[in-house]
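Here the structure is a predicted model, which is why all the values come from computation and not from measurement. So you know, we letter chains A, B, ... as the sequences are listed, proteins then strands, and number each from 1.
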4 protein chains.
Amino acid sequence: MSDNNLQGLLGLPDEAFVQRRPGSNTMTKREVRAITLAHLALHEHTILWDIGSGTGAVAIEAARLAHQGQVYAIEDDAGALAAIEANCRHFNATNVTVVADRAPHALQDLPDPDAIFIGGSGGLLNVILEVAMARLRPHGSLVVNLASFEHLAEAVHHLRQADWTVECTLVNIARTQNILDVTRFAALNPVFVLTSHGPEKQAEGSPTDV
Amino acid sequence: MSDNNLQGLLGLPDEAFVQRRPGSNTMTKREVRAITLAHLALHEHTILWDIGSGTGAVAIEAARLAHQGQVYAIEDDAGALAAIEANCRHFNATNVTVVADRAPHALQDLPDPDAIFIGGSGGLLNVILEVAMARLRPHGSLVVNLASFEHLAEAVHHLRQADWTVECTLVNIARTQNILDVTRFAALNPVFVLTSHGPEKQAEGSPTDV
Amino acid sequence: MSDNNLQGLLGLPDEAFVQRRPGSNTMTKREVRAITLAHLALHEHTILWDIGSGTGAVAIEAARLAHQGQVYAIEDDAGALAAIEANCRHFNATNVTVVADRAPHALQDLPDPDAIFIGGSGGLLNVILEVAMARLRPHGSLVVNLASFEHLAEAVHHLRQADWTVECTLVNIARTQNILDVTRFAALNPVFVLTSHGPEKQAEGSPTDV
Amino acid sequence: MSDNNLQGLLGLPDEAFVQRRPGSNTMTKREVRAITLAHLALHEHTILWDIGSGTGAVAIEAARLAHQGQVYAIEDDAGALAAIEANCRHFNATNVTVVADRAPHALQDLPDPDAIFIGGSGGLLNVILEVAMARLRPHGSLVVNLASFEHLAEAVHHLRQADWTVECTLVNIARTQNILDVTRFAALNPVFVLTSHGPEKQAEGSPTDV
């Protein structure tokens, strides 16, 4: 049984990924990836755009879930691209297509997606949101992770103007570090996970209480 | 396309589940479920014990991920059992087996699992942990969600005594509520997600930086 | 020894305050009050404006710290005004002046303050910030508590435009509730505590390491 | 006006304190200090024991509040003692007495306190708690800050055995860091603030709603 088979469909350990540079620590962390993937509402056949793919960790876990779908990892930083390639090989992620270009330009020739994740926008968030709203297929989920409340407020304003729904989750995670015999928590920085659906998204059936 | 196909492999909305009683709100919430599932390291073929299954939300999402595996939802509360049955029907979760009995007794005749989740222990946490450590298959993940730090400390002590690893994540989530035109966060209560592996678990291969 | 002497200069229990209506729970909570008071940098002689005073809890604790100063509690809601009056009597807060009017109009005839706290702005945040920046005395601290990231982003933008500093603290608090023999945490909703100083504020002396 | 007069009774900036070693960052942070001081319920005349005083930040802020009282800063680490002395000079904290010894031995000859803070216990928490419970004056507050849930559970168990009350606050703080034009939050590690009162502490008067 090979290494990557020991590991699950999601929840790959952060340290199993090559970073974009030695010592860099900007990847979307395991717990935040799990919440992000949950909000993306992935299916086996999902076509996902992963915009600002970084180390490719979200792309690779998404590709394991959407194993009959296709993940487009859009990234233009050379170090990040090398990391994504190495990580795709390591995890045998054959359904990740690396797009070595910058959004929104990179998105032009891609097929319309069922889900879009924006992990980085290189200062072009509003323009990318425009393309995302135009191209996301009906009932698709758009998820944006943000560290800055200014960008969050800007994205929310932009989406609401277009009558898209807005749901935001503030994620504060701390993980144990073993120090001698006791256990202390080391905090990850807070992340805002913003999820949005287009005006056509129907209310989902909720059963009545038994 | 039916309702449940509109929804993803994970990230089902909390309000899509029947609760154990009207107004009850003790289910493992969507974000916490995602982190829990990530730590369980589920595969397509995973056999999972979900001990103290409650509304069955973790069991059902796990069953969608481990679609060729089997999930045993162990629960003895009558209201919860009715909710699990209703939720399994609603989400067409054919690979969830409901075990209407109390752990650890309920575990006796079940096949050895690849993963174990303990969401509730009815005051028998240590006894259940004993059985879990004895029965979990090699390389399997044991995950326990706890609201109480006393129980957390007790479980950690118990696992360490047996040379099992201990990793704990403190999860603080807040979600937006729309109030007029502005967005406020409503906090979920903090949860400790405890993950443990047996002494035989090998170090996972981590690639060197590129 | 009277009741209020049993209690400290700060850290008065939340349940010791009359609420603006029975069951209402919108007051600034004890832990958030402590952080807010810390950022206000109060002195014995501080003149404080407490804008949107609510139940008066911040005003009363500030008045205990600035016992030779003066606190102006500005509020126009009738229920809140009754609560402030009752709470001032209960805690014998003789240096709180209740101003039954709405900001910014209410601020016109008040003396220039050494510190300003904005706990509520009735939709007039930007106008109130204008007056606050114009009237706050040199080296004074302006603190704004916000539940909404849109308002936060707006306030930050407004302050930066005027070359005021911006420092924001995200406060996530959970408190134990005893349930039978174990202890669970109940979360308070997250609050953004925004602190700002005018362009004239000098860098504070920081000693060199020993 | 001197430097330390520019600063408030509480809320002194962390960077204004000399650290126990260059680059060390173990001090109780400003926001956590404010919550800790609130739970200590300090008066003007309070006698406080600050056990494991570290850089002396809690001792110094407590001494500013209890300006007619006395704070005993108990510490035995040489680097910490040098920092406390430097910080007391810098902030002109004349009512802080540095006790260069280890608790519980150091406590023997001190006057009975109105409030006790334990920020560090050097592995002797239970013994120190015994002395604290024996010596704390009626109606006094005992506050313990802990990073480890094992120590927390142990302290809670110990206090409850002796019929002391237990109240615990989980504090998750993040602060903005300015990165270019946007604002990100950097998280502080979570801290448990445990507050306890002896069996004789009377229920505090809570007024009825108006």
Problem - CG on Leu146(B) to CZ on Arg184(C), rounded to 0.5 Å - result: 9.0 Å
Fill in the blank from the handout: Residues pairing under salt bridge (charged side-chain N to carboxylate O under 4.0 Å, His left out) where one sits in residues 103-113 of chain C, two or more places apart or in two chains, turn out to be Asp112(C)-Arg135(C)
Exercise for the section: Quick one: sort the Phe149(B) and Phe185(C) rings into parallel, tilted or perpendicular, breaks at 30° and 60°. Expected result: tilted
Side-chain polar contacts of residues 50-62 of chain C - donor-acceptor pairs under 3.5 angstrom, sequence neighbours left out - could you list them?
residue	atom	partner	partner atom	Å
Asp50(C)	OD2	Ser53(C)	OG	2.7
Glu61(C)	OE1	Arg33(C)	NE	3.2
Glu61(C)	OE2	Gly11(C)	N	2.9
Glu61(C)	OE2	Leu12(C)	N	2.7
Glu61(C)	OE2	Arg33(C)	NH2	3.3

Handout entry: Engaged part of Leu188(B) at the chain C interface, taking heavy atoms whose separation is under 4.5 Å
Key = backbone
Problem - Contact origin within Ala174(C) toward chain B - heavy atom pairs under 4.5 Å - result: side chain
